[in-house]
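Report on one structure; see the data block that follows.
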Amino acid sequence: MTAPAQRLAPDGGSSGPGPLAGVTVIALEQAVSAPMCTRSLADFGARVIKVEHPDGGDFARYYDDVVLGQAAHFVWVNRGKESVTLDLKSPAGVDLLHRLLSRADVLVSNLAPGAAARLGLAPADLAARHPDLIAVEIDGFGAGGPLSHKRAYDLLVQAESGVCAVTGTADAPAKPGPPVADVTTGLYAALSILAALCGRGRGAAHGNTISVSLFDTMAEMMGYHLTYARHTGVDQQPLGMSSPAVAPYGAYPTADGRTVVLGTTNDREWRRLATDILERPDLAADERFRTNPGRVRHRGEIDDAIAAWCLRHDLARIQKIADDAGIGNSCYHRPTEVLDHPQLTERDRWRSIETPAGPIPSLLPPAILAGFEPPMGPVPGLGAHTDAVLTELGCTAMDIEALRDAGVIGSRR
């Protein structure tokens, strides 16, 4: 098999050239963290080739079957990618991977501890064989520590890093609902890749080897709590839908059975809330509540006053009064209520994307770039692009069938 010397061509599926058009990313990924990273790059126009094992591929494909028989996690973080199946336990599969890497700009992986080294994809190996490749490894705990060998899932890292201890309530610690360790690590990885690409464009001689760990990312997210603990020796108690840092700041039932969330972030806002909303100038004048540290110490009395007032008014009335007074407020919503949230529907934030089982709605990425419509490409079926990509590498139809017969790639799809 002879391979052409040129790089892999951009996919061309975007509605127009994005800022990452012409950038090719190879993804050895599972679950959420690395797929979120590479989906973010695809949203900006990069070509992402997801390399999966022929026998099942990314295990997140099978977490559930609620999206037309497909998994909700998988369709969420895998739009806009191509899927190629390779058995990386076979020499032929590893050779094909390296041929992909020789024509790519970026490799993103989040394999189990030690797996990359066993495949010859350790940083030193990649630097020697693919010196121009930006190689990003997402792992659980980072190299060189006593936990570096351990598997790390979102919940495990949140518990280890203290996140669960500051979520929920004191007698019921909780994991935040979204997989925040996975998502934020994926976004930090994407940010690092953009920095490396930018540096390359300016002739920088560093940044080709990048590692990002879930634990380090969560330690960063815990920055306020860790700083507070270091300088006080105190573990702040979780307060559910409130904050240990500011008061008043929380959720309150309303007269019509809804829940309003009200918050202040400075002393001026507190005085407006007390006088203009609660009509309690005595609270505004109370020396105990004059500054935020005092309000935090006496939050129970303030919360009682706000709760009593909210129970006398409907949600719409509370929000109108709060808006007029310049006080931040929102309505507590469940996920089913957010689906048709007017802030999404009236701003046309939903798009239809294709999947192997049919079209589904998908949210546009958060960043809005003037003049660029994100490609919102399809969610790939397992191995759907194997033949096309191998053809780009110079494989003939006979070569591809021989690889298929040998089990190096999956069955035809």
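What you see is a predicted model, and the numbers here were worked out from it, not measured in a lab.
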Charged N to carboxylate O below 4.0 Å: is that the case for [X] and [Y]?
X: K150; Y: E160; answer: no
X: D132; Y: R200; answer: no
X: K320; Y: D324; answer: yes
X: R351; Y: E373; answer: yes
X: D314; Y: R258; answer: no

Looking only at non-hydrogen atoms, find the nearest pair between [X] and [Y] and report the distance.
X: D139; Y: S213; value: OD1-CB, 3.0 Å
X: S83; Y: E52; value: OG-OE2, 2.7 Å
X: C331; Y: Q319; value: N-NE2, 3.9 Å
X: Y224; Y: A245; value: OH-CB, 3.3 Å
X: V157; Y: A152; value: CG2-CB, 3.6 Å
X: A367; Y: F44; value: CB-CZ, 4.1 Å

To the nearest 0.5 angstrom, please state how far the [atom1] atom of [X] sits from the [atom2] atom of [Y].
X: I318; Y: C310; atom1: CD1; atom2: SG; value: 4.0 Å
X: L382; Y: D55; atom1: CG; atom2: CG; value: 9.0 Å
X: I306; Y: L278; atom1: CD1; atom2: CG; value: 5.5 Å
X: K81; Y: E29; atom1: NZ; atom2: CD; value: 3.5 Å
X: T169; Y: M241; atom1: OG1; atom2: CE; value: 13.5 Å
X: T184; Y: E220; atom1: OG1; atom2: CD; value: 9.5 Å

Are [X] and [Y] side-chain neighbours, meaning at least one heavy-atom pair lies under 4.5 Å?
X: L107; Y: L100; value: no
X: I134; Y: D105; value: no
X: P238; Y: T167; value: no
X: W76; Y: V67; value: no
X: P35; Y: D58; value: yes
X: V32; Y: D154; value: no
X: P248; Y: R299; value: no
X: T291; Y: D267; value: yes

Side chain [X], main chain [Y], donor-acceptor under 3.5 Å:
X: S362; Y: S352; result: no
X: Y62; Y: G56; result: yes
X: H385; Y: V84; result: no
X: R404; Y: I409; result: no
X: T386; Y: G383; result: yes
X: Q236; Y: V166; result: no
X: N110; Y: Q30; result: yes
X: N329; Y: I327; result: yes
X: D125; Y: A117; result: no
X: Q158; Y: C164; result: no

Practice task
Can you spot which of R99, R103, R47 makes a salt bridge (Lys or Arg N to Asp or Glu O under 4.0 Å) with E392?
Solution key: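 With E392 as partner, R99, R103, R47 yield a single salt bridge (Lys or Arg N to Asp or Glu O under 4.0 Å), made by R47.
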
Practice task
Ignoring hydrogens and angles, state whether a donor on the side chain of T396 or D399 is under 3.5 Å from an acceptor on the partner side chain.
Solution key: yes

Practice task
Indicate whether the side chain of K50 and that of T38 have a donor and an acceptor atom separated by less than 3.5 Å.
Solution key: no

Are there over 12 heavy-atom neighbours, none belonging to [X], within less than 6.0 Å of that residue's [atom1]?
X: R317; atom1: CZ; value: no
X: F215; atom1: CZ; value: yes
X: D304; atom1: CG; value: yes

Exercise for the section: Report the C-alpha separation of L403 and L96 in whole Å, then their side-chain angles, then the decisive distance to 0.1 Å, and conclude whether the side-chain contact (heavy atoms from CB on, under 4.5 Å) test is met. Expected result: CA-CA 10 Å; L403 290 166; L96 288 167; 3.8 Å; yes

Handout entry: Step-by-step side-chain contact (heavy atoms from CB on, under 4.5 Å) determination, V23 to L41
Key = CA-CA 9 Å; V23 173; L41 301 175; over 6 Å; no

Exercise for the section: Begin from the C-alpha positions of V163 and H225 and carry the test side-chain contact (heavy atoms from CB on, under 4.5 Å) through to its verdict. Expected result: CA-CA 9 Å; V163 173; H225 296 89; over 6 Å; no

Exercise for the section: Given salt bridge (Lys or Arg N to Asp or Glu O under 4.0 Å), test R39 with D43 step by step and report yes or no. Expected result: CA-CA 6 Å; R39 197 212 76 180; D43 285 340; 3.1 Å; yes

Practice task
Before giving the answer on side-chain contact (heavy atoms from CB on, under 4.5 Å), spell out for D182 and V77 the whole-Å C-alpha distance, their side-chain angles and the decisive distance to 0.1 Å.
Solution key: CA-CA 11 Å; D182 283 334; V77 291; over 6 Å; no

Exercise for the section: Pick out which of L315, L311, V260 makes a side-chain contact (heavy atoms from CB on, under 4.5 Å) with P253. Expected result: L311

